[in-house]
> 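Shown below is the structure under consideration.
Predicted, not measured: the structure shown is a model, and the values here were computed from it.
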Amino acid sequence: MLAQTVPVDRDTLISRWYVHRIRLDSEGTSRRVRIGTEAFAWDTEWFTLDDCQMTERGLTTPAVERIIRLRTTAPPSSWPATKPKKQPDADTRAQVLLRQLADARKVEAVVVVTRVCNDIADLSGVSAATQAELDDSVRDAHLWLQEQAAVRRLLFERLEQAVAKAHVKETRELADPRQRDFSARAHRRREPHRR
């Protein structure tokens, strides 16, 4: 308990939650005791001794009860209840997936192409025309994925042969991911003509 004029730093108020202050008010020829409760970012609230009580925490004022209640209960949400987000219709979602599939194929991202094909397979409720377009795109993507797998198999066969023959330069070139081009076009360019 501190006198009314004793300064208290903010760190003390934050760590202790509050401090009590005492002051004497003159009423005519008598003096009345007032107990004040000061908390961080709150003005000091003053109470008569009749408003205070002794608890297991010590001297408690109505302000202390409010502070403890506020510090021990979760604050009410300041965000309004969220409305469910409107999902795009199935045909719009299908067009987004088709664009993602085309983009993934352009950059030859096998993992992304596979994921998007799975997302398309899970999509339902599209129009007949859109479903036909999806089916064609997925069929083409699966052929492309098979072609990519074949190119990778050939790359690993060539790598195994280079290692077995101890061709260091060729092994380094084949093993260096910066030098690899997994596209079928590039593989056909590198493949020697057979007669």
Side-chain angles (χ1 to χ4, degrees), residues 1-127 130-131 133-134 137-138 141 145 176-178 180 182:
M1 185 158 309
L2 304 172
Q4 182 178 356
T5 57
V6 175
V8 178
D9 64 281
R10 69 184 208 116
D11 292 334
T12 301
L13 288 174
I14 291 170
S15 66
R16 295 184 53 93
W17 295 8
Y18 62 90
V19 294
H20 286 305
R21 295 188 173 277
I22 189 167
R23 80 175 186 206
L24 298 173
D25 291 340
S26 297
E27 290 182 5
T29 58
S30 64
R31 309 271 284 168
R32 300 209 30 122
V33 175
R34 302 274 187 208
I35 305 295
T37 302
E38 181 181 356
F40 177 69
W42 288 23
D43 291 331
T44 304
E45 292 184 62
W46 295 97
F47 303 94
T48 64
L49 284 177
D50 294 336
D51 296 329
C52 303
Q53 52 183 303
M54 287 301 292
T55 65
E56 65 275 356
R57 291 182 184 273
L59 182 66
T60 302
T61 65
V64 169
E65 292 172 5
R66 267 195 317 277
I67 292 167
I68 291 171
R69 191 172 49 249
L70 289 171
R71 298 281 303 250
T72 57
T73 59
S77 174
S78 61
W79 298 100
T82 58
K83 297 177 184 173
K85 292 182 180 176
K86 183 179 177 187
Q87 295 294 324
D89 68 341
D91 282 353
T92 303
R93 177 77 177 123
Q95 292 306 316
V96 170
L97 290 171
L98 287 170
R99 258 192 317 274
Q100 288 176 350
L101 184 60
D103 292 345
R105 284 187 61 184
K106 280 181 192 171
V107 296
E108 298 180 347
V110 171
V111 174
V112 178
V113 169
T114 303
R115 182 187 52 79
V116 173
C117 284
N118 291 336
D119 290 347
I120 289 172
D122 293 340
L123 189 63
S124 61
V126 295
S127 66
T130 302
Q131 187 62 54
E133 187 178 358
L134 289 171
S137 294
V138 168
L145 287 168
D176 186 355
R178 294 171 297 168
R180 279 193 300 238
F182 286 127

> Can D51 and T61 be said to form a side chain to side chain contact (heavy atoms under 4.5 Å, CB included), step by step?
CA-CA 7 Å; D51 296 329; T61 65; over 6 Å; no
> Does E27 come within less than 4.0 Å of R34, counting only side-chain N to carboxylate O?
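Result for this pair is yes, salt bridge flagged.
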> Take atom CG in D43; do more than 12 heavy atoms of anything else shown fall under 6.0 Å from it?
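Counting other residues, nucleotides and ligands, CG of D43 stays at 12 neighbours or fewer.
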> For S137, enumerate each residue passing the side-chain contact (heavy atoms from CB on, under 4.5 Å) test, keeping only those at least two apart in sequence or located in another chain.
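Expected list: L98, L101.
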> For residues 111-120, please give each side-chain donor-acceptor pair under 3.5 Å, one per line with the distance, not counting sequence neighbours.
unit_1 : atom_1 : unit_2 : atom_2 : d
T114   : OG1    : V110   : O      : 2.9
R115   : NH1    : D119   : OD2    : 3.2
N118   : ND2    : T114   : O      : 3.4

> Between atom OG1 of T55 and atom CD1 of I68, what is the distance when rounded to the nearest 0.5 Å?
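Between T55 OG1 and I68 CD1, I get 7.0 Å after rounding to 0.5 Å.
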> Go through L49 and R32 one step at a time and tell me if the side chain to side chain contact (heavy atoms under 4.5 Å, CB included) criterion holds.
CA-CA 9 Å; L49 284 177; R32 300 209 30 122; over 6 Å; no
> For E56, enumerate each residue passing the salt bridge (Lys or Arg N to Asp or Glu O under 4.0 Å) test, keeping only those at least two apart in sequence or located in another chain.
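Counting only residues at least two positions away or on another chain, E56 forms no salt bridge (Lys or Arg N to Asp or Glu O under 4.0 Å).
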> The criterion is salt bridge (Lys or Arg N to Asp or Glu O under 4.0 Å); which residues satisfy it with R16, sequence neighbours excluded?
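Salt bridge (Lys or Arg N to Asp or Glu O under 4.0 Å) check on R16 returns nothing, list empty.
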> Using every non-hydrogen atom in the two residues, find where S127 and D91 come nearest and quote the distance to one decimal.
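Looking at all heavy atoms of both residues, the shortest contact is N-OD1, 2.9 Å.
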> Applying side-chain hydrogen bond (donor to acceptor under 3.5 Å, both in side chains), which residue pairs with at least one partner in residues 92-105 are found, sequence neighbours left out?
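The answer is D89-T92.
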> My understanding is that only residues two or more places apart in sequence, or in another chain, count here; which of them pass side chain to side chain donor-acceptor pair (under 3.5 Å) with S26?
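With sequence neighbours excluded, S26 shows a side chain to side chain donor-acceptor pair (under 3.5 Å) to R31, given in chain and number order.
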> Roughly how far, to the nearest 0.5 Å, is the CD1 atom of I35 from the OG1 atom of T44?
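One gets 12.5 Å once the value is rounded to the nearest 0.5 Å.
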> Grab the two heavy atoms, one from T130 and one from A94, that are nearest each other, plus how far apart they are.
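Heavy-atom minimum between the residues: CG2-CB, 3.5 Å.
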> About how many Å separate OG1 of T37 and CH2 of W17, when rounded to the nearest 0.5 Å?
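Rounded to the nearest 0.5 Å, the CH2-OG1 separation comes out at 14.0 Å.
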> Over all heavy atoms of both residues, which pair between W46 and I22 is shortest? Give the atoms and the distance, please.
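It is CZ3-C, 4.1 Å.
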> Flag the pair V64 / H20 as yes when at least one side-chain heavy-atom distance between them is below 4.5 Å, and no otherwise.
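Counting from C-beta outward, V64 and H20 do come under 4.5 Å.
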> Do V6 and R21 have side chains that approach each other closer than 4.5 Å (heavy atoms only, starting at C-beta)?
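Yes, their side chains come closer than 4.5 Å.
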